[in-house]
Student: 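Quick one: the structure is below, questions incoming.
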Amino acid sequence: MTYREVYAEGRKVLESAGVGEAELDARLLLEYVCGTNRNDLLVHGEETVDDENRKRYEEFIARRRQRVPLQYLTGKQNFMGLEFAVNEHVLIPRQDTEILVEEVLKHLHDGMRVLDLCTGSGCILISLLHYSNHCDGLGVDISQEALAVAEENGRALLPKESSAEVEEAFGRIRFWKSDLFEAVEGKFDIIVSNPPYIPSGDIEELMPEVGNHEPRGALDGGEDGLHFYRSIVEGIREHLYGGGMLFFEIGQDQAEAVSRLMEREGFLEIEVVRDYAGLDRVVYGTLGFHGAEQGVVNFP
């Protein structure tokens with residue numbers, strides 16, 4: 001079969017299964033299997049795909065048909081201009097989370113210490129250190145499997161050219177197993193988190209790629225979706241300097257609730273940032289030096 005015929009068959013299978021973006025996914029999987037690019041389909045579509053690659057492609061299409069996410073099949077996802085390794089033990093980095101990273105970068109200065117709670121693939125913390133100078137970071141997660149992915153990404157994306165520079169670069173970032181602050185010592189200038197925030201009862205309603213394949217522990221935010229926000233805010237003063245900043249990614253209807261939690265703990269200048277779709281996506285604020293101080297909440 002030709003390249004074009006193999007692609008057409010894969011697209012047909014995905015379309016019949018109701019897979020969103022079937023045309024794109026069929027093409028990307030074929031490029032991944034054959035080591036080609038989009039131009040090859042357009043210019044060399046009549047070339048023959050060898051039997052081994054065709055069989056591999058059909059296997060990938062069968063798994064995608066079962067709604068296994070494309071990123072788990074290829075093992076990679078682009079985020080903040082970097083290519084991260086991903087597998088079934090971590091959430092797939094999403095464009096919406098780039099909003100969170102971009103907001104932190106506006107306030108991240110040389111020499112700061114950053115704590116990333118629920119680090120998963122490490123995409124948030126690694127991106128922050130990649131685009132900053134002389135900052136140190138600690139990423140924690142309760143999943144040892146997720147931490148293994150984060151460490152792999154840290155070594156792949158932060159090192160420089162020589163072995164000495166590799167060790168120096170990776171020394172800027174550490175990953176520990178910890179249930180939120182449980183194993184964390186010391187204080188930080190910035191704490192950032194994209195915690196599980198889907199209400200438990202809503203998980204079954206998510207699209208199959210998410211609800212059936214991404215790790216439930218990275219999705220389930222408890223009955224009202226706010227469990228981790230409460231736990232983080234309640235333990236924040238032992239680990240965030242006065243004047244330090246806390247950044248959260250949130251669900252689209254959680255801005256007011258999360259802002260109130262932060263306000264009660266003495267956060268000031270609380271801001272809500274919307275994503276590209278105009279939905280509330282990030283809440284952040286500055287920790288006051290006294291618990292009795294009242295925050296100011298500015299809603300868009």
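For this chain, numbers begin at 1 and follow the sequence in order.
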Student: Sequence neighbours left out, what passes ring pair (Phe, Tyr, Trp, His ring centres under 6.0 Å) with His213? Give chain and number order.
Tutor: none
Student: Taking NZ, NE, NH1 and NH2 as the nitrogens, is one of them in Arg27 or Glu23 under 4.0 Å from a carboxylate oxygen of the other?
Tutor: no
Student: Quick check against the 3.5 Å criterion: does Arg64 have a side-chain atom that pairs as donor or acceptor with the backbone of Pro69?
Tutor: no
Student: Would you call the rings of His239 and Phe181 parallel, tilted or perpendicular, where under 30° means parallel and over 60° means perpendicular?
Tutor: parallel
Student: Taking Asp224 first and then Arg230, would you say they form a salt bridge - that is, a charged N and a carboxylate O separated by under 4.0 Å?
Tutor: yes
Student: Give the cluster check for Leu91 versus Leu206: same hydrophobic cluster or not, with ILVMFWY residues linked at side-chain heavy-atom distances below 4.5 Å.
Tutor: yes
Student: List in chain and number order the residues that pass ring pair (Phe, Tyr, Trp, His ring centres under 6.0 Å) with Tyr57, two or more places apart in sequence or in another chain; answer none if no residue qualifies.
Tutor: none
Student: Regarding Arg274 and Asp280, does a basic nitrogen lie under 4.0 Å from an acidic carboxylate oxygen?
Tutor: yes
Student: Going by an N to O cut-off under 4.0 Å, is there a salt bridge joining Asp189 and Arg113?
Tutor: no
Student: Determine whether a donor-acceptor pair (N or O, by modelled atom type, separation under 3.5 Å) exists between the side chain of Asp141 and the backbone of Leu147.
Tutor: no
Student: Where do Phe248 and Tyr197 land on the ring pair (Phe, Tyr, Trp, His ring centres under 6.0 Å) test, with the steps shown first?
Tutor: CA-CA 10 Å; Phe248 281 129; Tyr197 58 70; over 10 Å; no
Student: Should Arg281 and Leu100 be marked as a side-chain contact (heavy atoms from CB on, under 4.5 Å) after you check the CA-CA gap, both sets of side-chain angles, and the distance that decides it?
Tutor: CA-CA 8 Å; Arg281 183 59 57 189; Leu100 175 64; over 6 Å; no
Student: Within the side chain of Glu5, is there an N or O that forms a donor-acceptor pair under 3.5 Å with the backbone of Thr2?
Tutor: yes
Student: Answer yes or no: is there a side-chain heavy-atom contact under 4.5 Å between Cys34 and Val49?
Tutor: yes
Student: Is there a side-chain contact (heavy atoms from CB on, under 4.5 Å) between Leu108 and Cys135? Walk through the geometry before answering.
Tutor: CA-CA 9 Å; Leu108 183 62; Cys135 292; 3.9 Å; yes
Student: Does Arg216 reach the main-chain N or O of Glu214 with its side chain, forming a donor-acceptor pair under 3.5 Å?
Tutor: no
Student: Ion pair present between Lys177 and Glu145, side-chain N to carboxylate O less than 4.0 angstrom?
Tutor: no
Student: Would a hydrophobic clustering, with Ile, Leu, Val, Met, Phe, Trp and Tyr connected at side-chain separations under 4.5 Å, put Val86 with Ile142?
Tutor: no
Student: Taking the side chain as every heavy atom from C-beta outward, state whether Leu246 and Phe267 have any pair of such atoms under 4.5 Å apart.
Tutor: yes
Student: Could you go through Arg54 and Met1, starting from their C-alpha distance and side-chain angles, then the distance that decides it, and tell me whether this counts as side-chain contact (heavy atoms from CB on, under 4.5 Å)?
Tutor: CA-CA 8 Å; Arg54 182 172 59 82; Met1 296 178 68; 3.8 Å; yes
Student: When you look at Phe247 and Ile191, which way does the side-chain contact (heavy atoms from CB on, under 4.5 Å) test go after all the steps?
Tutor: CA-CA 6 Å; Phe247 293 80; Ile191 295 179; over 6 Å; no
Student: Given Phe188, which partner from the list Val184, Val192, Ile190 fulfils the side-chain contact (heavy atoms from CB on, under 4.5 Å) test?
Tutor: Val184
Student: Are any of the side-chain heavy atoms of Val114 and Leu125 separated by less than 4.5 Å?
Tutor: yes
Student: Could you tell me whether Arg260 and Glu263 make a salt bridge, using a distance below 4.0 angstrom between a side-chain N and a carboxylate O?
Tutor: yes
Student: Have Thr36 and Tyr3 got a donor and an acceptor in their side chains that come within less than 3.5 Å?
Tutor: yes
Student: For Ala148, does its backbone N or O pair with a side-chain atom of Glu151 as donor and acceptor, under 3.5 Å?
Tutor: no
Student: If you compare all heavy atoms of Val283 against all heavy atoms of Ser259, which two are closest, and at what distance to 0.1 Å?
Tutor: CG1-OG, 3.7 Å
Student: Side chains of Asp220 and Ser200: donor-acceptor distance under 3.5 Å anywhere?
Tutor: yes
Student: Is it true that Lys106 and Glu103 have a side-chain N and a carboxylate O under 4.0 angstrom from each other?
Tutor: yes
Student: Do the side chains of Leu279 and Leu219 join up, straight or via other hydrophobic residues, at under 4.5 Å, putting them in one cluster?
Tutor: no
Student: If hydrophobic clusters are built from ILVMFWY residues whose side chains come within less than 4.5 Å, do Met262 and Tyr241 share one?
Tutor: no
Student: Flag the pair Tyr32 / Lys76 as yes when at least one side-chain heavy-atom distance between them is below 4.5 Å, and no otherwise.
Tutor: yes
